[in-house]
Structure formats: structure tokens, C-alpha cells
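Residue numbers start from 1 in every chain, and the chains themselves are labelled A, B, ... in the order their sequence lines are given, proteins ahead of strands. Only this structure's heavy atoms are used, side chains among them; waters, hydrogens and symmetry mates stay out.
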Amino acid sequence: MPELPEVETVRRDLAALLPGRTVTRVEVPDPRAVQGFGPDGRARRRETPAAFAAALFGRTAREVLRRGKYLGVRWDDGSALLVHLRMTGQLIFGPPRPNARALIFFSDGSCLNFCDTRRFGELWRAANWSADPSVRALGPEPLGDGWDVAAWGRSLRRCGARVQSALLDQRRLAGLGNIYVTEALFLSGVRPTRRARTLRSADIPVLAANIQKVLNQGIAHRGVSFRDYRDARGERGRAREKLEVYGKAGRPCPRCETPLRGVKVNGRGTVYCPQCQK
DNA sequence: AATTGTACCTGTCAGC
DNA sequence: TGCTGACAGGTACAAT
């Protein structure tokens, strides 16, 4: 669910709420929330709710950070709480929620709820936010100063995967998910099924500009709430109204009226206009 | 090495 | 109504 714009919206909300607050209690009704269970059904992190709670107890929040789709709360001792919302995760500041997988209470009685219907999301701690292996593996930030578009374009044009998959690869560029990739490819006139190595060099700046455009638009409207996404106040985003093609297979292309085509690309559903996208 | 498929989990919706 | 299967915004790992 949450891609860069949704995670950034949550980050901005929490940045106005958490800094200065001190943890007094942590509840983890679903231990999997801190253990990171994977496809084999086994825990990837050796962690218990008690150890997790003990590590957070007494910490004061200093800063709320984002890298790609990862969120971090940096504490007064330099350590960090890392969060990945995966498909249905929510971080909602407010009264304790009965369905929360984890709850962090602060000294003023306020609470941060981690809710997550599909239970793919996870919380973990790191001695240092930027040293965490998952964060370190990420490619550049598409909205950051450090994005070398030319180098990114060269790596894309050497990639044998389909463009849809290549853009979803977080090691190449951080933060894109299925919705924003689908939208950026439509705006760029590129079919998601094409091999990335068939892109022309002239396509690269166009793609880069459209990626930034759809991400900025997503942030401006506080994210796409297709179903589960909520901001840190529990409110829906309005960016869904701005989508041109995602979720609209069979409906007319907004540019040429040709019916939009829905396909699967490496297991992910996407949509394109057979007339406008080559 | 790089690319693709599968699994993790729950809820919803279409079709019968 | 109730069942079944397909599908959903992401990622890690296994298989090829």
C-alpha cells in the first residue's frame, strides 16, 4: 500500500507529533510485529515483545525520518525505531486501538498505534538509522538532491527485466510502488511490459521527470487511499482522485479514449493504454 | 549475476 | 445466501 508519498505524509505528520515525547510503556499484542516473519513462516529477527519494550522505555523522540518506504524514529541516545508498513500498515497517533499490533505510550498519555490487517509490516530497532542494512541497500531518493539521473538511466538501460519490475526494484531507485510506477509510465508513453534495456536514452529524462511529478502530486494530496492507507491522524489521502490509469483497466484512456488494458507483469497488476504507450 | 516465482496474511469482491 | 477463487499498495528468499 504505502509508497513514498504515503510514507512521507506519515513522516511529516509524526514529525509534528513525536519529537520531545518520552516512552513510558510499550505493548505488543502481536509479537510478529517485532519479529519480521517471512515467507518461510519463521522469524527473521530474534526479538521478544519484552526486550523490544525494554529497549524503548525512557527514550525521548528527537526526529522522524524517511528513506524510500522506510520510516524511522530517532531517539535521544542516537538509536532508532524502524518501521516498514508493507501493504496495509498504519501508524496512527491517538487513543489506543483494540486492533493494534503494537502500541507505544508516551509520558503525557498519548499513544502511537501500529495497525496492520495483513500483518506483513514490521517494527525493529537499530543502533543507528543510517547503518541499518535494509536502509543501506536502497537506491537514491527520487526527490532528493543526490539523484544522479544519468547514472540511473544507464543502469536501467542495462537491465533485462521489464520496465515495471525495474522501477519497482528498490535498489535501483527507492520509494516507487505499483501505483506510482503505473502512473509514471503512462505519462511517459512507455509500456510496462517492455524490457528496460529497450528504453532509448531520450526516454530517461522524461521518465525521471514524470516519476518526480507523480510523487510530488501524491505528497501534495496526502497520498492515495485505495483501501487501507491512512495518515498518522487516521485520515484518508485524496491523491486517488488524481490517478489517470491505475485501477482503471477497461475504462477509456484519458488522452485518446482507447480502452485501458490491465495486465500482470511479474505477478504485479498494472494498466496501460495500448495506443499511447509504446 | 540477474531475473522470475512464490510465500508471508487477511479482507473484499465477482461469479456461480 | 454462501461458497470459491482471484486479487490487493511490498519485500525476502528460493528457484531458474
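- A:Glu183 contributes no side-chain N or O that, together with a main-chain N or O of A:Ile179, makes up a donor-acceptor pair within less than 3.5 Å.
- In this structure, A:Arg119 is not positioned above the aromatic face of A:Phe37 in the sense of NZ or CZ being under 6.0 Å from the six-membered ring centre and within 45° of the axis.
- No donor-acceptor contact under 3.5 angstrom links the side chains of A:Thr24 and A:Ser107, judged on distance only.
- To the nearest 0.5 Å, atoms CZ (A:Arg45) and CG (A:Leu123) are separated by 10.0 Å.
- Computed from coordinates, the A:Leu156 CG to B:dT3 P distance equals 11 Å when rounded to whole Å.
- The nearest whole Å value for the distance from the CG atom in A:Asp40 to the P atom in B:dC8 is 9 Å.
- Computed from coordinates, the A:Lys248 NZ to C:dC7 C1' distance equals 19 Å when rounded to whole Å.
- Distance noted for atom P between C:dC13 and B:dC9: 15 Å (whole Å).
- A:Arg162 places a side-chain N or O within 3.5 Å of a backbone atom of A:Thr193 that can act as its donor or acceptor partner.
- Using a 4.0 Å cutoff on non-hydrogen atoms, the parts of residues 258-272 of chain A near DNA chain B are A:Asn266, ordered by number.
- Within the structure, a side-chain polar atom (N or O) of A:Arg32 is placed less than 4.0 Å from OP1 or OP2 of B:dC9.
- For the OP1/OP2 pair of C:dT11 and a distance below 4.0 Å, the side-chain nitrogens and oxygens of A:Arg86 include no atom meeting the criterion.
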For A:Arg66 and A:Glu141, what are the C-alpha separation, side-chain angles and deciding distance, and is it a salt bridge (Lys or Arg N to Asp or Glu O under 4.0 Å)?
CA-CA 10 Å; A:Arg66 180 192 61 76; A:Glu141 284 291 322; 3.0 Å; yes

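- Under the 4.5 Å side-chain criterion, counting only non-hydrogen atoms from C-beta, A:Phe105 is in contact with A:Glu27.
- Using a 4.0 Å heavy-atom criterion, one finds that A:Arg195 contacts the sugar-phosphate atoms exclusively.
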Any chance you could encode DNA chain B as dot-bracket? Rule is Watson-Crick or G-U wobble with both distances under 3.5 Å; [ ] for pairs crossing earlier ones, | for another strand.
.|||||||.|||||||

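- Rounded to whole Å, the distance from CZ on A:Arg44 to P on B:dC8 is 13 Å.
- Of the listed nucleotides (C:dA8, C:dT11, B:dT3), C:dA8 has the atom at the smallest distance from the side chain of A:Arg118.
- Nucleic acid contact class of A:Tyr246 (heavy atoms, under 4.0 Å, all strands): sugar-phosphate only.
- At whole-Å resolution of the value, CG in A:Leu85 and P in C:dG10 are 11 Å apart.
- A:Asp228 has its CG atom 10 Å from the C1' atom of B:dT10, to the nearest Å.
- Of the candidate nucleotides C:dT11, C:dA12, B:dT3, B:dT3 has the atom nearest to the side chain of A:Ala161.
- Judged purely by atom type and a 3.5 angstrom limit, A:Arg194 uses its side chain to pair as donor or acceptor with the backbone of A:Lys278.
- Under the 3.5 Å distance criterion, the side-chain polar atoms of A:Arg236 are matched with a main-chain donor or acceptor of A:Ser225.
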Under the criterion salt bridge (Lys or Arg N to Asp or Glu O under 4.0 Å), I'd like the reasoning laid out for A:Arg222 against A:Asp13: C-alpha separation, chi angles, the key distance, then a yes or no.
CA-CA 10 Å; A:Arg222 302 188 55 80; A:Asp13 287 352; 2.9 Å; yes

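- Residue A:Arg42 is classed as having no contact, given no heavy-atom separation below 4.0 Å to the nucleic acid.
- Contact annotation for A:Phe37: no contact, since no heavy-atom pair falls under 4.0 Å across all strands.
- Defined by atom type and a distance below 3.5 Å, a donor-acceptor pair is present between the side-chain atoms of A:Glu6 and A:Tyr180.
- Of the residues in residues 120-139 of chain A, those placing a heavy atom less than 4.0 Å from an atom of DNA chain B are A:Phe120, in numerical order.
- One can place OH of A:Tyr70 at 7 Å from C1' of C:dT11, the figure rounded to the nearest angstrom.
- Separating the P atom of C:dG5 from that of B:dA7 is a span of 16 Å, rounded to the nearest Å.
- Atoms CZ (A:Phe226) and C1' (B:dC13) sit 13 Å apart, rounded to a whole Å.
- The side chain of A:His84 approaches C:dG10 more closely than any other nucleotide in the set B:dC9, B:dT4, C:dG10.
- In the set C:dA12, C:dG10, B:dG11, the nucleotide with an atom closest to the side chain of A:Thr117 is B:dG11.
- Taking the side chain as every heavy atom from C-beta outward, A:Tyr229 and A:Thr9 approach each other to under 4.5 Å.
- Heavy atoms of other residues, nucleotides or ligands lying less than 6.0 angstrom from NZ of A:Lys213 number 12 at most.
- Note on A:Gln170: every side-chain N or O is 4.0 Å or more away from OP1 and OP2 of C:dG10.
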